[in-house]
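The structure presented is a predicted model; accordingly, all values stated were derived computationally and were not measured.
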Amino acid sequence: MNDPIQIIYEFLTESGTTFADLLGGRVWSPVVAPGFKNEEPAIVFHPSDESPEAPANVIANSIVFKCYGGAATFQSSRDVAGQLYNRLHRARAQTASGEIILARCRNMFQGGEDPETGWPFHVAIYDILTN
């Protein structure tokens, strides 16, 4: 069985991409790193659903991304969600740990303010097949 979280992480943090340059390694799963203060763009993601598919090693994933903009504005978090869309929607890629067969943005919306910190965020949900 493949590790969808690792495959997605490797794809999003691939050096030399606009997305990786923007986030600078601030891509975490399943929670934000200790000490993060929303001073720079970041995302945190986790699966909301995983199910095996045929052939044997294919996993269908529904992944929830929480996008922070590095500023106290909803527009900054929306900009990060837009950059995630540019990088991930319709992606097909090979990584060191496996393959993204196909990624599709199901929906994107203003999430609100984080209840603990008050930081604005956007949510994006993707359906991703990995192998």
request  = For His89, enumerate each residue passing the ring-ring contact (aromatic ring centres under 6.0 Å, His included) test, keeping only those at least two apart in sequence or located in another chain.
outcome  =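 Checked His89 against ring-ring contact (aromatic ring centres under 6.0 Å, His included); matches are Tyr85.
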
Residues that [X] engages under salt bridge (charged side-chain N to carboxylate O under 4.0 Å, His left out), provided they are two or more places apart:
| X | answer |
| --- | --- |
| Glu113 | none |
| Asp3 | none |
| Arg78 | none |

Contacts of type side-chain hydrogen bond (donor to acceptor under 3.5 Å, both in side chains), residue Thr13, not counting sequence neighbours =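 With neighbours one apart ignored, the set is empty.
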
key: Contacts of type side-chain hydrogen bond (donor to acceptor under 3.5 Å, both in side chains), residue Asn38, not counting sequence neighbours   =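 Applying side-chain hydrogen bond (donor to acceptor under 3.5 Å, both in side chains) to Asn38 gives none.
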
inquiry  = Under the rule for side chain to side chain contact (heavy atoms under 4.5 Å, CB included), what residues qualify as partners of Ser62, not counting sequence neighbours?
reply    =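 Counting only residues at least two positions away or on another chain, Ser62 forms a side chain to side chain contact (heavy atoms under 4.5 Å, CB included) with Ser48, Asp49, Arg106, Ile125, Asp127.
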
request  = Output all residues satisfying side chain to side chain contact (heavy atoms under 4.5 Å, CB included) with Ala81, sequence neighbours left out; order by chain, then residue number.
outcome  =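 Side chain to side chain contact (heavy atoms under 4.5 Å, CB included) list for Ala81, sorted by chain: Cys67, Met108, His122.
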
Scan the side chains in residues 90-98 for donor-acceptor partners under 3.5 Å anywhere in the protein, sequence neighbours excluded, and list what turns up.
from: Arg92; atom 1: NH1; to: Ile101; atom 2: O; distance (Å): 3.4
from: Gln94; atom 1: NE2; to: Gly98; atom 2: O; distance (Å): 3.0
from: Thr95; atom 1: OG1; to: Glu10; atom 2: OE1; distance (Å): 2.9
from: Thr95; atom 1: OG1; to: Ser97; atom 2: N; distance (Å): 3.3
from: Thr95; atom 1: OG1; to: Gly98; atom 2: N; distance (Å): 3.2
from: Thr95; atom 1: OG1; to: Gly98; atom 2: O; distance (Å): 3.2
from: Ser97; atom 1: OG; to: Glu10; atom 2: OE1; distance (Å): 3.3
from: Ser97; atom 1: OG; to: Glu10; atom 2: OE2; distance (Å): 2.6

key: Gln83 versus Asp79, side-chain donor and acceptor atoms under 3.5 Å   =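 Checked: Asp79/Gln83 side chains show no N/O donor-acceptor pair below 3.5 Å.
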
key: Summary of salt bridge (charged side-chain N to carboxylate O under 4.0 Å, His left out) pairs that have at least one residue in residues 13-29, sequence neighbours excluded   =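 Counting only pairs at least two positions apart or across chains, the salt bridge (charged side-chain N to carboxylate O under 4.0 Å, His left out) contacts touching residues 13-29 are Glu14-Arg87, Arg26-Glu40.
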
ask   = Tell me, which pairs form a ring pair (Phe, Tyr, Trp, His ring centres under 6.0 Å) where one or both residues lie in residues 1-36, sequence neighbours left out?
value =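 For residues 1-36, and leaving out neighbouring residues, the ring pair (Phe, Tyr, Trp, His ring centres under 6.0 Å) pairs sorted by first residue read Trp28-Phe36, Phe36-Tyr68, Phe36-Trp119.
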
message = Quick one, Asn131 with Ile7, criterion side chain to side chain contact (heavy atoms under 4.5 Å, CB included). Give me CA distance, side-chain angles, the key distance, then yes/no.
response = CA-CA 9 Å; Asn131 184 17; Ile7 294 167; over 6 Å; no

key: Transitive ILVMFWY cluster of Val31, excluding itself - 4.5 Å side-chain cut-off   =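 In the cluster with Val31 there is nothing else; it is isolated.
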
